[in-house]
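Naming convention: chains lettered A, B, ... in sequence-line order (proteins, then strands); numbering from 1 in each chain. Because the structure is a prediction, the values reported are computed rather than measured.
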Amino acid sequence: MSAPRSAASSRAMEEPPVLLARPSDDELTRRLLRPIWVGGPVWRILFLVTGLGSATMLLFVLYTVVAGIGVWGNDIPVGWAYGITNFVWWIGIGHAGTFISAILLLLEQPWRTSINRFAEAMTLFAVMLAGMFPVLHLGRPWFAYWIFPYPATMDVWPQFRSALPWDAAAIATYFTVSFLFWYVGLIPDLATARDCAPTPAKRRLYGLFALGWRGSSTHWSHYRLAYGLLAALATPLVISVHSIVSADFATAQLPGWHSTIFPPYFVAGAIYSGFAMVITLMVPIRRIFRLHEVITTRHLDAVAKMTMATGLIVAYAYVVEYFLAWYGGDPFEHYVFYAERLAGPYAWAVWTVFAINFAVPNLLWVRRIRRSALALFFLSILINVAMWLERFFLIVTSLQRDFLPSSWGLFRPSYIDGAILTGTLFTFAFLFLLFLRFVPFVPIAEVKELRHELEVAEGRAVRG
Amino acid sequence: MADLLAEFSDAHALAKAVEALRAAGLRDLEAFTPFEVGEVQAALALPRPRIPRAALAGAVLGCGAAFLLQWWLTAWNYPLNVGGRPLASFPAFVPIAFEGAILGGALGAVIGFLVSCRLPRLWHPLFEVEGFERASVDRFFLRIGRRDPAWDQARVLHVLHESGALRLHEVER
Amino acid sequence: MDRHPLPIHPEGTDGWSRRSFLLGVAALAGCRPPREKILPYARQPPEVQPGRPLFYATSMAIEGNAIGLLVESHEGRPTKIEGNPEHPASLGATGLQHQAAILDLYDPARARLFRRAAGPAGWGAFVERFGPTAQLGAGEGLHVVLEPTASPLLASLIERIRARLPAARFHFHAPLATGAVEEGSRRAFGQVLATQRRYDRARVVLAIDADFLASGPNHVREARDFAAARRVRDAAAPMNRLYVVESELTCTGAVADHRLRARPSDVPRIFAGIAAAILGRPSGLEGRARRFAEAVATDLLRHPGAGVVVVGDRQPAAAHALAHVLDERLGNRNATVFQTAPTILEAGGPSHGLASLRDALTRGEVRTLLLLEVDPAYDAELGEAIAMVPETVCLALHETETARACGWFIPALHWLEGWGDGRSHDGTLTLQQPLIRPLYGGRSPAAVLAVLAGEADPDPHRLLRALHGIADERAWERLLRTGFVPGTAFPPLPVAVRADAAQAALASLAREAAPAAIELCLAPDRRLRDGRFGRNDWLLELPDPITRIAWENPALLSPATARRLGVESGDPLEVRAGDRVVRAPAFVVQGTADDTVVLHLGWGHHHRGEGQVGVNAWPLRAAAGQPVEVRAAPGQRIPLASAQPHIEMHGRPILLHATVDAFRADPALAVHHDEPRPSLYPDAWRPSGVQWGMAIDLGVCTGCATCVIACQAENNVPVVGKVGVRKGREMHWLRIDRYLLGESEDDVRLLPQPMLCQHCEKAPCEYVCPVNATVHSADGLNEMVYNRCIGTRFCSNNCPYKVRRFNWLEYNEPIAATQAMQKNPDVTVRARGVMEKCTYCVQRIRAAQIDARLAGRALRDGDVQTACQAACPTGAIVFGPVSDPESAVSRLHRDGRSYGVLQHQLGTEPRTRYLVHLRNPNPELEA
């Protein structure tokens with residue numbers, strides 16, 4: 001054993017490898033493409049279940065539109081509740097996808113490679129579901145398009161001082177850019193799928209979407225640049241989107257909403273919950289499709305670290321909020337933070353959130369937890385719950401206890417609120433199953449490239 | 001006159017071949033690889049793509065359009081007293097202008113990418129080459145243009161043989 | 001008839017089928033002027049212009065006390081009731097029930113079928129049975145029950161019936177009347193007299209269990225007078241002082257300067273103590289009551305001829321007699337108080353009350369019983385007894401419980417459909433002219449009595465003219481235009497109390513009922529009165545002015561009593577009096593007397609949409625005097641439909657209040673609550689031209705909530721039902737908040753604050769609307785553009801006053817054709833999914849502006865009156881151009897008491913400003 005080799009191996013010891021074993025390109029390709037050629041019984045069952053779930057949600061959505069938003073639990077003073085909570089929650093989950101694919105790409109983190117594809121898909125589906133709520137929660141959803149500037153017969157335009165048109169712009173942009181990013185990254189793999197297609201039909205289908213990609217050196221150089229540019233654009237975008245979402249609250253003057261730390265606080269929270277969702281998805285996929293070579297402990301560890309970092313920021317934001325509420329000396333804000341949230345009707349939610357979001361990130365200091373798929377999975381579920389509850393109490397408690405005690409009320413959700421929230425989970429799973437079945441969910445080209453680079457590196461190590 | 005298409009089993013060999021051929025003065029070379037191979041790209045010394053300019057143009061356009069639109073609609077086309085705020089509340093116009101910049105930039109980049117790659121193009125003579133589908137799996141191809149002024153059949157074949165090409169194909173350009 | 005190009009429904013079609021009726025209404029589309037000639041709508045009157053409302057003078061009587069009204073009519077359909085500014089009992093204002101009465105006219109649940117036994121019958125049949133040709137002998141066994149009335153028309157008819165049927169018996173039934181008032185007068189003066197009180201001349205007012213500001217027989221006028229003496233225009237102005245002794249917290253007690261809560265059995269004792277102190281005898285009271293009594297006595301004695309002592313109906317006759325004695329002793333008679341002849345027919349006579357009828361029924365002497373617009377089966381447990389009577393006739397607006405027990409049923413006319421007359425409390429002769437042809441046929445009590453009187457042509461219109469002997473057409477027209485005969489108020493009578501009255505009264509008060517472990521206080525509901533308005537959606541949905549609970553009548557307890565019984569608000573409670581049991585949810589009200597349970601009468605009717613609303617407490621009244629027992633009943637807590645679960649102000653500067661002395665020391669005491677906030681934004685909008693604003697004087701607002709109903713009627717505000725209110729979705733554009741003040745249970749003040757859109761110049765709702773659906777108008781209104789609203793509700797979230805209302809569901813569908821007729825055509829009926837809120841009655845502003853332009857003159861202060869302002873009995877609400885420095889509203893905005901709610905905290909710069917509530921405590925009681 002020569003010194004450098006051992007050095008390399010010692011590196012490998014402190015950080016588990018991003019790619020176990022060295023399957024041949026051919027083998028790698030076949031394994032990674034297998035799921036889109038043959039679906040198993042498990043997939044079919046899940047597909048049916050989630051499909052039914054999604055259909056049920058659509059029924060409730062339809063009912064809401066036909067009967068009126070009054071079938072939800074909202075009231076005066078609580079004009080926003082589940083709808084906007086779900087919106088913020090889902091859009092937040094989306095953020096990790098972009099974060100992984102864009103920011104980590106720019107930071108040249110090799111471990112992102114195996115997981116960025118489905119993280120991006122997660123983003124797309126999350127944003128779709130998030131986008132449903134701002135429309136659905138309207139009194140007259142069929143006029144949602146009035147929020148965009150188009151020459152209407154009324155001659156009236158949107159009111160751009162409101163944060164809601166900002167939202168519309170942000171979400172539309174976010175979805176478009178995420179989609180382009182995802183699709184551009186997909187083209188080489190679609191070409192691979194085309195070239196390995198078992199049947200002419202599939203060959204044609206994937207050929208169509210591959211746009212005639214030939215993997216020529218010119219293609220690659222342009223591709224790399226375009227992909228890098230998209231990453232560079234998506235990075236500020238992902239920051240801006242949740243900052244703007246936070247403006248829905250921060251630009252209002254309600255105690256507990258009107259706060260200047262919301263943008264960073266929300267962005268951190270978003271990425272935090274997003275990484276949690278990545279874990280929630282990554283662990284079972286890895287298990288089901290036996291991808292332990294591609295999605296290794298290294299990935300778990302890295303994602304866990306990200307979760308920990310963002311989680312700690314969130315926890316810090318809580319502390320700052322409470323400090324400012326006290327230090328600011330505004331009686332209304334003080335009441336919401338110290339009376340309503342800590343001891344009000346939804347105190348249980350607040351304390352649950354604090355418990356989880358202070359404990360979990362700190363648990364992740366422990367390496368064994370960071371590298372245990374099961375533990376991470378469990379914790380990620382906790383985080384998802386906590387982050388939903390966080391948005392919920394943030395929205396509802398401020399509304400319930402605003403300025404005039406005479407108008408204070410209490411929010412009681414209706415069963416339809418709950419049904420639609422649950423439904424979105426099914427729909428998300430449904431879309432994700434479709435994705436797993438029809439799209440190469442691990443970027444084949446990138447993994448191969450990674451493998452190549454590793455070999456070269458190791459080769460050098462050996463030769464050197 | 002059809003071009004020559006050489007098939008390699010590994011990227012390193014392809015890179016070697018490219019270096020040798022370029023040393024022989026050949027310039028009309030194009031490599032096809034399942035993934036981006038740094039050495040090959042380097043050896044081919046490709047020109048710098050123009051996509052960034054497209055992206056920049058898109059970003060500037062998007063940003064400007066979004067900002068001016070908001071200003072005009074709010075302050076000039078239909079002025080309304082909203083909460084006693086000034087008609088031109090510029091700080092409020094920033095977020096949408098920013099999103100416009102990102103959207104414009106992204107579209108610029110993608111369109112620039114497709115145009116400069118001449119995509120989409122669903123059919124290409126290369127697809128007729130038997131075995132070329134492995135170009136996206138585990139084989140590495142090199143197209144050598146016969147029209148290249150520095151073309152010297154014997155030399156090219158020698159280099160390809162030296163660098164360990166598996167097979168040679170004819171391909172219409 | 002050919003005057004009207006309208007199908008006229010012929011005789012005998014009183015019982016229309018629903019379908020034909022609806023078709024009819026649909027065809028008539030609401031233009032149903034009455035058949036007789038009313039004015040000014042006579043032979044193509046030039047003043048009728050489509051789209052322009054007309055106002056007709058008429059009147060409405062509650063328990064015989066008429067009030068002059070002006071009713072707004074659009075193309076022949078009355079839509080809104082206003083007070084008659086010239087009428088002494090109204091002075092332009094109205095009470096709660098007067099505002100809501102318009103809804104009863106169009107109530108789709110009104111009775112339509114004229115029936116006899118099971119089958120339908122016609123008016124003809126009734127005339128045949130009782131008319132001139134009928135053989136009724138001397139009228140043996142014929143009993144007629146009707147409301148106490150002051151109507152000369154009815155009086156004359158009754159006289160004629162007595163002539164025709166000498167053996168017939170009349171009974172005047174008003175379930176709330178106790179006869180104590182009249183008996184008290186008899187004991188004091190030897191005769192039954194009415195008492196007129198002039199609160200505007202009083203400096204000290206003592207109210208013993210009397211809610212005279214919100215529910216007295218003449219409360220609209222008296223509230224106006226009271227406010228006149230209470231309103232503090234400047235630091236020099238005097239302010240009256242109000243002492244209240246009561247068991248239940250009432251609108252009057254909630255704004256009193258000093259209030260003594262006492263259980264029902266203690267009230268007479270305490271009053272006797274106060275009287276004794278005034279008459280220079282030992283009060284015989286202890287502790288707090290004694291201090292209170294002595295302070296009140298000295299205060300009253302210190303203001304001879306400038307005090308009023310008012311005693312509530314529920315108090316014993318002796319208390320009333322004693323009040324008369326005190327009036328005399330304090331020199332108030334003919335200064336602030338004077339006696340007149342009673343307006344009510346046979347007031348205090350044996351014909352009042354149901355005692356004699358009960359005897360006759362038990363003795364089986366009643367052969368024919370006519371019940372005219374009374375419901376003794378509901379409020380006096382006479383159902384079975386009535387059913388036993390061989391022949392019974394019921395005249396009622398609805399299929400009441402009495403109707404169900406009767407053989408004959410005649411649908412009654414709503415008072416807006418019939419002719420009549422009456423007297424207001426001061427005796428002013430007041431006319432009642434119909435505004436619309438009967439929607440469902442029906443007859444008025446006058447018509448029925450006319451038949452009994454043997455009238456060949458029982459037409460109230462003809463009879464009325466004949467009675468008042470006005471042959472001259474012009475004179476008659478003049479009368480109809482004014483709606484009343486000025487100068488017909490009864491003159492003060494020179495009377496003196498008997499020498500022995502004081503002694504007797506004190507003695508009998510000493511003998512009053514001994515205190516029990518727990519006592520029952522049955523009070524008329526502030527909205528439904530005795531139950532006659534128990535089917536009125538607006539009043540049912542109106543949160544009680546004190547408890548803020550709608551759609552039900554919980555049993556009210558003091559916190560201590562609730563603790564003792566181990567119940568909390570919403571827990572089921574069982575109230576037992578003798579063998580009568582009533583179950584109602586408990587509700588804790590600060591300031592209720594301990595060991596007392598308060599139940600409101602008038603509830604328990606069946607509502608077409610809601611089933612039975614509330615519980616009927618009348619049976620407990622019937623069991624008066626029997627031992628009362630109250631305990632927690634099994635069953636879990638019911639969420640009450642409360643419009644305001646939180647009454648603490650948490651020390652926030654929302655309802656500002658001070659003592660009048662503090663105000664005199666610092667006449668600009670509100671100014672520092674009003675400093676503008678520094679802003680990063682330049683002041684972009686300098687208002688020019690006419691600018692609108694409102695000022696609300698918290699010092700004189702009694703929280704009676706008349707304005708709320710006025711707003712609802714004017715602005716087509718929908719009703720959401722009990723579930724809606726429970727969910728916090730009530731739609732009132734204007735609400736009366738209540739905030740709890742006072743240091744202890746014994747010193748509770750529950751101050752009212754009308755809360756409506758503040759029309760902020762820096763409106764927080766506007767800048768968050770994504771679609772410009774709420775924006776500012778050039779004249780300073782915060783406008784809501786319904787057809788642009790997409791319903792994000794961001795505006796409501798960001799409104800610090802939470803005055804915006806959202807159409808969560810479709811609240812205006814389905815709607816009966818008649819209900820549609822009530823809607824104000826000048827105001828959009830809002831669809832599902834849009835936000836709505838107070839508009840400052842923009843339709844009235846625009847109308848006034850158009851009138852001014854047509855008249856070629858500038859708008860003057862007072863041209864525009866908002867609905868709430870017009871209806872307010874105390875004139876607490878003032879609206880007008882703030883751009884005119886001389887306008888009333890500008891002067892109030894400049895007042896040192898004027899402030900904008902949370903202006904200093906949020907810088908919203910509201911156009912609706914409030915005047916600090918002032919209290920005038922007695923220093924001797926403050927220590």
Side-chain angles (χ1 to χ4, degrees), chain A residues 24-26 29 149 155-163 165-166 169-170 172-174 176-177 180-181 183-184 187-188 191-192 194-196 207-208 211-227 229-230 233-234 236-237 240 243-244 247 444-446 448-449 452-453, chain B residues 11-12 29-38 40-41 44 46 49 51-52 55 59 66 69-70 73-74 77-78 80 82-83 85 89 92-93 95-96 98-100 102-103 105-110 112-114 116-117 119-124 126-127 132-138 141 143:
Chain A
S24 80
D25 285 341
D26 183 27
T29 312
D155 280 348
V156 194
W157 301 104
Q159 203 281 102
F160 296 107
R161 295 174 197 83
S162 166
W166 309 352
T173 307
Y174 189 42
T176 320
V177 174
L180 291 174
F181 193 43
Y183 188 72
V184 170
I187 290 175
T192 315
R194 170 196 64 200
D195 296 342
C196 308
L208 196 66
L211 307 177
W213 173 267
R214 300 187 295 285
S216 84
S217 38
T218 354
H219 281 186
W220 279 119
S221 66
H222 288 109
Y223 167 86
R224 166 56 43 94
L225 195 61
Y227 198 61
L229 274 171
L230 285 175
L233 287 165
L237 176 62
S240 79
S243 303
I244 287 176
I444 304 166
E446 288 188 42
K448 282 191 266 184
E449 184 182 350
H452 179 74
E453 279 162 5
Chain B
H12 192 60
L29 302 172
E30 193 178 12
F32 301 89
T33 54
F35 52 85
E36 188 179 24
V37 185
V40 179
Q41 302 292 67
L44 283 167
L46 296 159
I51 301 176
L69 186 76
Q70 295 181 79
L73 295 183
T74 312
N77 180 272
Y78 200 140
L80 280 165
V82 172
R85 307 298 196 272
S89 312
F93 301 160
I96 292 182
F98 177 84
E99 299 301 323
I102 301 286
L103 186 60
L107 290 173
V110 172
F113 160 68
L114 292 176
S116 46
C117 294
L119 291 178
R121 178 175 178 185
L122 297 189
W123 181 86
H124 190 281
L126 277 167
F127 294 149
F132 183 77
E133 61 271 9
R134 291 185 72 178
S136 67
V137 181
D138 59 349
F141 290 81
R143 185 183 59 75

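Side chain to side chain, A:W157 and B:T74 fail the donor-acceptor criterion of an N or O pair below 3.5 Å.
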I would like to know whether B:F127 and A:R214 meet side-chain contact (heavy atoms from CB on, under 4.5 Å); could you show each step before the answer?
CA-CA 8 Å; B:F127 294 149; A:R214 300 187 295 285; 3.6 Å; yes
Going through the distances and angles, do A:S240 and B:E99 end up as a side-chain contact (heavy atoms from CB on, under 4.5 Å)?
CA-CA 8 Å; A:S240 79; B:E99 299 301 323; 2.7 Å; yes
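Each of B:P52, B:A11, B:G108, B:G105 has some count of heavy-atom pairs under 4.5 Å with chain A, and the biggest count is that of B:P52.
A:H219 contributes atom NE2, which lies 11.0 Å from atom OG1 of B:T33 (distance to the nearest 0.5 angstrom). Atom CZ of residue B:F35 and atom CD1 of residue A:I444 lie 13.0 Å apart, to the nearest 0.5 angstrom. The CG atom of B:L114 sits 6.5 Å away from the CG atom of A:L211 when rounded to the nearest 0.5 Å. Atom-to-atom distance recorded for B:F113:CZ and A:I187:CD1 is 4.5 Å, nearest 0.5 angstrom. Note that CG of A:D25 and CG of B:D138 are 6.0 Å apart. Values are rounded to the nearest 0.5 Å. In this structure, the separation between CZ on B:R85 and CZ on A:R161 is 8.5 Å, given to the nearest 0.5 Å.
Closest approach of B:S136 and A:A191 over heavy atoms only: OG-O, 4.0 Å. Here the shortest heavy-atom pairing between A:G212 and B:L122 reads N-CD2, 3.9 Å. Taking all atoms of both residues into account, the shortest heavy-atom contact from A:L233 to B:A106 is CD1-N, 3.3 Å. Residues A:C196 and B:V137 share a closest heavy-atom pair of SG-CG2, 3.5 Å. Looking at every heavy atom in both residues, B:I102 comes nearest to A:P236 through CD1-CG, 3.9 Å. Summarising the geometry of A:H222 relative to B:I51, their closest heavy-atom pair is O-CD1, 3.6 Å, with the distance given to 0.1 Å.
In this structure the side chain of B:C117 never reaches within 4.5 angstrom of the side chain of A:T218, judged on heavy atoms. Side chains of B:L107 and A:L180 form a contact here, defined as non-hydrogen atoms less than 4.5 Å apart.
Residue contact with chain B, scored on non-hydrogen atoms closer than 4.5 Å, involves the backbone and the side chain of A:T192 alike. For A:L225, the part sitting under 4.5 Å from any heavy atom of chain B is the side chain, from C-beta outward, and nothing else. Neither the backbone nor the side chain of A:E446 comes within contact range of chain B; no heavy atoms are under 4.5 Å apart. Contact of A:Y227 with chain B is not made at all, since no heavy-atom distance falls under 4.5 Å. Using a 4.5 Å cut-off between heavy atoms, A:S216 touches chain B through backbone and side chain atoms alike.
Taking the six-membered ring where tryptophan is involved, the planes of B:F93 and A:F160 are perpendicular, since the angle between them exceeds 60° and thus also 30°.
A distance-only check finds a donor-acceptor pair linking the side chain of A:W166 to the backbone of B:A92 [under 3.5 Å].
With sequence neighbours excluded, the residues satisfying side-chain contact (heavy atoms from CB on, under 4.5 Å) with A:S217 are B:E30, B:A31, B:Q41, B:L44, B:L46.
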